[in-house]
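A quick write-up on the structure given underneath.
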Amino acid sequence: MALPDLDAEYRQIREECGLLERAERSCLTVSGKEAGEFLQGQVTNDVEGLAVNQGCYAALLDRKGHLQADMRILRVGDEEFWVDTEAGTGARVLKHLSTYKVGREADVEAAERKFISLIGPGAFEVAGLAPGGEHASAKATIAGAECLVAVTLLGLDVLAPAAAAAAVIEELESRRAVPVSEAAAEILRVESGRPRFGVDMTEASMPAEAGIVDTAVDFTKGCYIGQEPVARLHYRGKPNRFLRGLRLQALVDAGATVHLGDRELGSVGTAVLSPATGAIGMAILRKEAEPGAIVSISTGSGTVEAEVVELPFLENLFS
């Protein structure tokens, strides 16, 4: 059933359950006796500490502490991890892990899996699962296919075998999951204050600047690539830039320049028109852009003012 417009899709994912097949994710499998220890030395979060059916959000950095990719890591077995990342960084992560695994008892392979997101408070009922914490996962048989279902901030991701994806989608739709657009899902992402790599944060960003330290970085786990500058900034310094929210007077394009007086502070990452909050956006801005500041954003037809705010825009998306 196709919904008539974006407002209807938004209501569906705020109140019930929407379905979105995500083509923008790239998936890898890391397995072997030393798989956990190997990943532990490559990414920012604690992988070895995960129990089977647990997961975490993590980042891959360069030696100066700048982001190269972000990812979700799911421990699906004692010696097997599933890693998913943005399609644009999939090849980079695969190359990096394949290079650094030399001499380790770990195999790294690209995997053909389809990501089907169930978004909204009805996601668990549609999937037939009990609610759990973010990144928890469980196996489920859907339309005869063995799938892995992982908890997200906005609902669930169903990771299905590529050959069975169409049947899995048909089955989920029969359980009252209604197809929605990526545009509708992006509104909820921005409302929740979650940045996206390649959009809101880039290779120029450090985790602290991108606002992902609390979710992606473990400061007790030991060494990994880029650890020293990240730890130094956390314990001894303060970022020059921060991820901020923008309450916009009007919708602006991604990449529009943000100014405070005559000073350029950064550029808009994502901007959306939310039925609940109006025009909002996210941007990594210089530290002068403190919450409460009024900034101007350059557009093709003039300037748009915006108030700088803390994230998230909405604390309880489904209340």
Side-chain angles (χ1 to χ4, degrees), residues 1-27 52-57 72-76 82-87 111-194 196 272 274-276 312 314-319:
M1 177 184 70
L3 293 173
D5 54 35
L6 190 59
D7 282 356
E9 292 180 358
Y10 178 81
R11 287 194 300 273
Q12 181 71 24
I13 57 180
R14 284 292 301 272
E15 299 171 6
E16 298 181 35
C17 180
L19 182 150
L20 175 62
E21 184 177 359
R22 295 191 181 273
E24 78 276 12
R25 302 302 290 176
S26 178
C27 193
V52 175
N53 296 328
Q54 289 184 335
C56 67
Y57 176 59
R72 174 176 55 186
I73 302 175
L74 303 174
R75 187 166 204 161
V76 300
W82 288 9
V83 180
D84 64 273
T85 184
E86 295 282 351
E112 289 294 327
R113 300 186 185 105
K114 288 293 185 181
F115 283 72
I116 304 158
S117 289
L118 298 175
I119 307 169
F124 289 92
E125 182 180 352
V126 166
L129 297 175
E134 188 173 5
H135 308 307
S137 64
K139 293 179 180 178
T141 302
I142 303 173
E146 292 298 317
C147 302
L148 187 73
V149 183
V151 181
T152 70
L153 178 68
L154 304 178
L156 296 167
D157 280 346
V158 178
L159 283 65
V168 170
I169 290 171
E170 184 177 358
E171 172 64 21
L172 294 172
E173 289 180 5
S174 76
R175 302 181 189 178
R176 300 193 337 273
V178 178
V180 296
S181 65
E182 185 177 350
E186 281 288 273
I187 294 174
L188 256 64
R189 180 182 68 80
V190 176
E191 289 176 340
S192 69
R194 291 287 179 98
R196 184 172 176 182
V272 297
S274 163
L314 294 178
E315 291 283 354
N316 299 305
L317 291 169
F318 305 132
S319 61

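Here the structure is a predicted model, which is why all the values come from computation and not from measurement.
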Of L129, L118, I116, the residue whose pairing with V149 passes side-chain contact (heavy atoms from CB on, under 4.5 Å)
L129

Using a distance-only test with no angle check, is there a side-chain donor-acceptor pair under 3.5 angstrom linking Y10 and E191?
yes

Selection residues 141-167 - residue pairs positive for side-chain hydrogen bond (donor to acceptor under 3.5 Å, both in side chains), sequence neighbours left out
R72-D157, S117-D157, T141-E146

Contacts of P131 that satisfy side chain to side chain contact (heavy atoms under 4.5 Å, CB included) - sequence neighbours left out:
F124

If you take all heavy atoms of L159 and L74, which pair is closest and at what distance?
CD2-CD1, 4.4 Å

Take F115 and D84 through the side chain to side chain contact (heavy atoms under 4.5 Å, CB included) test and state the conclusion after the steps.
CA-CA 10 Å; F115 283 72; D84 64 273; 3.3 Å; yes

Residues two or more places apart in sequence or in another chain: which of them pass side chain to side chain contact (heavy atoms under 4.5 Å, CB included) with S137?
N53, L148, A150

N/O donor-acceptor pair under 3.5 Å between D5 side chain and D7 backbone
yes

Could you go step by step and tell me if Y57 and H135 meet the side chain to side chain contact (heavy atoms under 4.5 Å, CB included) rule?
CA-CA 8 Å; Y57 176 59; H135 308 307; 3.8 Å; yes

So R176 and E125, salt bridge (charged side-chain N to carboxylate O under 4.0 Å, His left out) or not? Walk me through it.
CA-CA 10 Å; R176 300 193 337 273; E125 182 180 352; 3.7 Å; yes

Set of residues satisfying salt bridge (charged side-chain N to carboxylate O under 4.0 Å, His left out) with respect to E182, sequence neighbours excluded
R196

Looking at residues at least two apart in the chain, or sitting in another chain, which of them share a side chain to side chain contact (heavy atoms under 4.5 Å, CB included) with S192?
L153, R194, L317

Run I13 and E9 through side chain to side chain contact (heavy atoms under 4.5 Å, CB included) and show every step you take.
CA-CA 6 Å; I13 57 180; E9 292 180 358; 6.0 Å; no

Are R22 and L20 close enough, and set up right, to give a side chain to side chain contact (heavy atoms under 4.5 Å, CB included), and what steps lead you there?
CA-CA 6 Å; R22 295 191 181 273; L20 175 62; 3.6 Å; yes

For R175, what residues pass the salt bridge (charged side-chain N to carboxylate O under 4.0 Å, His left out) criterion, not counting sequence neighbours?
E171

